[in-house]
Protein chains: 2
Amino acid sequence: MDDLTEMLKGTLEGCVLEILGGEETYGYAITRRLNELGFADVVEGTVYTILLRLEKNRLVQVTKRPSGLGPPRKFYALNDAGRAELAAFWAKWEYITSRIEKLKEGGR
Amino acid sequence: MDDLTEMLKGTLEGCVLEILGGEETYGYAITRRLNELGFADVVEGTVYTILLRLEKNRLVQVTKRPSGLGPPRKFYALNDAGRAELAAFWAKWEYITSRIEKLKEGGR
DNA sequence: TAGCGGTACTCGGTACTACAGAGTACTTGG
DNA sequence: CCAAGTACTCTGTAGTACCGAGTACCGCTA
């Protein structure tokens, strides 16, 4: 699949929120997870910028824990604002997909 | 619905391609059409930048015709490259939506 | 006939996001 | 010791939608 980056804008942050909604985890693992899920070209730098943004916007709670396998990990968990943002993301996603689908069906 | 602009990146151009795939039409009408379809905040300037980009990338054929109701209109129609681009857009769209849906179902 | 509203296009600048690419640092195994 | 895998950080770039202002043409009406 060729370049998806433009189409991922805005949705990738939602994907990270969704992953964090399921479990407390950290940047490196999130990147691997996204790669497995089919977002093959998503790279660490991208995930970290998203995580830093989430932190700056106070949507996550951060805990640093030693790893025993490399440097310490920064674990991220959604707080209430983060869960609200996640819900808002899915609402937008449903909205947009429904409109696009309508357009695709030749909707007028 | 609050701000959708980030999530529209990459998809809005596809929407315009889809509309042009159905009929030869012009910028102002495309904007109205998108607004009706639920992309309420999409504004003329945005559509025109997309159209100019399509033209620059040689995905459309352009014909200027007098309007009888305002200034002349620039009608856009997809050429072969444009139809290929449209197909590629839908392929990407299917791909991304399927991955996101998988993620949403707690897919692992 | 002057002005207003609707139609129609153009253009310069801005904000936001994903990505490239390089660097730092910690651990284990050969 | 050093290579490879793990893990995070930072600077800069490109691409896209949007803002806002401007230009221009038309019909209607006061």
Side-chain angles (χ1 to χ4, degrees), chain A residues 1-17 24-35 39-57 59-60 62-76 85 89 92 96 99, chain B residues 1-17 24-35 39-57 59-60 62-76 85 89 92 96 99:
Chain A
M1 179 63 50
D2 47 287
D3 197 26
L4 301 175
T5 88
E6 287 309 324
M7 214 180 275
L8 284 177
K9 296 217 169 147
T11 70
L12 204 49
E13 178 175 317
C15 294
V16 172
L17 284 170
E24 189 196 43
T25 181
Y26 57 98
Y28 191 79
I30 293 170
T31 308
R32 295 292 150 262
R33 180 78 188 287
L34 287 171
N35 293 152
F39 302 103
D41 297 333
V42 172
V43 87
E44 291 165 43
T46 299
V47 173
Y48 289 113
T49 55
I50 292 174
L51 290 172
L52 291 177
R53 192 162 68 234
L54 295 181
E55 187 176 356
K56 197 185 70 179
N57 295 343
L59 302 174
V60 289
V62 187
T63 315
K64 189 172 261 180
R65 300 215 183 92
S67 156
L69 180 71
R73 296 164 175 164
K74 279 178 75 176
F75 280 82
Y76 293 80
E85 186 70 18
F89 165 73
K92 283 197 215 177
I96 288 190
R99 303 299 139 156
Chain B
M1 180 62 50
D2 47 290
D3 197 27
L4 301 176
T5 88
E6 287 308 324
M7 213 178 278
L8 285 178
K9 296 215 170 149
T11 69
L12 204 50
E13 177 174 318
C15 293
V16 172
L17 284 170
E24 190 195 42
T25 181
Y26 56 99
Y28 191 80
I30 293 171
T31 309
R32 294 291 149 263
R33 179 78 187 288
L34 287 170
N35 293 152
F39 302 103
D41 297 334
V42 173
V43 86
E44 290 165 42
T46 299
V47 174
Y48 289 115
T49 57
I50 292 174
L51 290 172
L52 291 177
R53 192 161 67 232
L54 295 181
E55 188 175 357
K56 197 184 70 179
N57 296 344
L59 302 173
V60 289
V62 187
T63 315
K64 188 171 262 183
R65 300 216 183 91
S67 157
L69 180 70
R73 298 165 174 165
K74 279 177 74 177
F75 281 81
Y76 294 81
E85 185 70 18
F89 165 74
K92 284 197 215 178
I96 288 190
R99 303 299 139 156

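Excluded from the calculations below are hydrogen atoms, water molecules and symmetry mates; all remaining heavy atoms, backbone and side chain alike, are included. Residue numbers start from 1 in every chain, and the chains themselves are labelled A, B, ... in the order their sequence lines are given, proteins ahead of strands.
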Item checked: Closest-nucleotide ordering on DNA chain D, the 5'-leading residue of B:Val43 and A:Leu52 -> A:Leu52

Next item on the list: Would you please name every residue forming a side-chain hydrogen bond (donor to acceptor under 3.5 Å, both in side chains) with B:Tyr26, sequence neighbours left out?
Entry: B:Arg73

Item checked: pair A:Leu54-A:Glu13: side-chain heavy atoms closer than 4.5 Å -> yes

Checklist line | Criterion side-chain contact (heavy atoms from CB on, under 4.5 Å) on A:Ile30 and A:Leu51, from CA distance to verdict | finding: CA-CA 10 Å; A:Ile30 293 170; A:Leu51 290 172; 4.1 Å; yes

Margin query: The criterion is salt bridge (charged side-chain N to carboxylate O under 4.0 Å, His left out); which residues satisfy it with A:Glu6, sequence neighbours excluded?
Written below: A:Lys9

Note to self: Categorize A:Thr46 for me: base, sugar-phosphate, or nothing, with a 4.0 angstrom heavy-atom threshold over every strand shown.
What the structure shows: base

Check: Is the backbone of A:Thr11 close enough, under 3.5 Å, to the side chain of A:Lys92 for a donor and an acceptor to pair up by distance?
Finding: no

Margin query: Can you give me the closest heavy-atom contact between A:Lys64 and A:Pro72, atom names plus distance?
Written below: CG-CB, 4.1 Å

Notebook entry, point to check: Got a sec, which pairs hit side chain to side chain donor-acceptor pair (under 3.5 Å) with one end in residues 40-52 of chain B, sequence neighbours left out?
Noted result: B:Arg32-B:Glu44

Notebook entry, point to check: Counting any heavy atom closer than 4.0 Å, what does B:Leu51 reach on the DNA or RNA strands: base, sugar-phosphate only, or nothing?
Noted result: nothing

Check: Earliest and latest nucleotide of DNA chain C, 5' to 3', sitting under 4.0 Å from a non-hydrogen atom of chain A?
Finding: C:dT17 to C:dT27

Check: Hey, does B:Asn35 have a side-chain heavy atom less than 4.5 Å from the side chain of B:Val42?
Finding: yes

Notebook entry, point to check: Taking for each residue the nucleotide of DNA chain C bearing the nearest heavy atom, is the 5' side occupied by B:Gly45 or by B:Tyr26?
Noted result: B:Tyr26

Notebook entry, point to check: Can you give the first and last nucleotides of DNA chain D, 5' to 3', that have an atom under 4.0 Å from a heavy atom of chain A?
Noted result: D:dT6 to D:dT16

Note to self: Regarding B:Glu13, tell me which of base, sugar-phosphate or nothing describes its non-hydrogen contacts under 4.0 Å with the strands shown.
What the structure shows: sugar-phosphate

Margin query: By nearest heavy atom, map A:Ala29 and B:Leu4 onto DNA chain D; which one lands nearer the 5' end?
Written below: A:Ala29

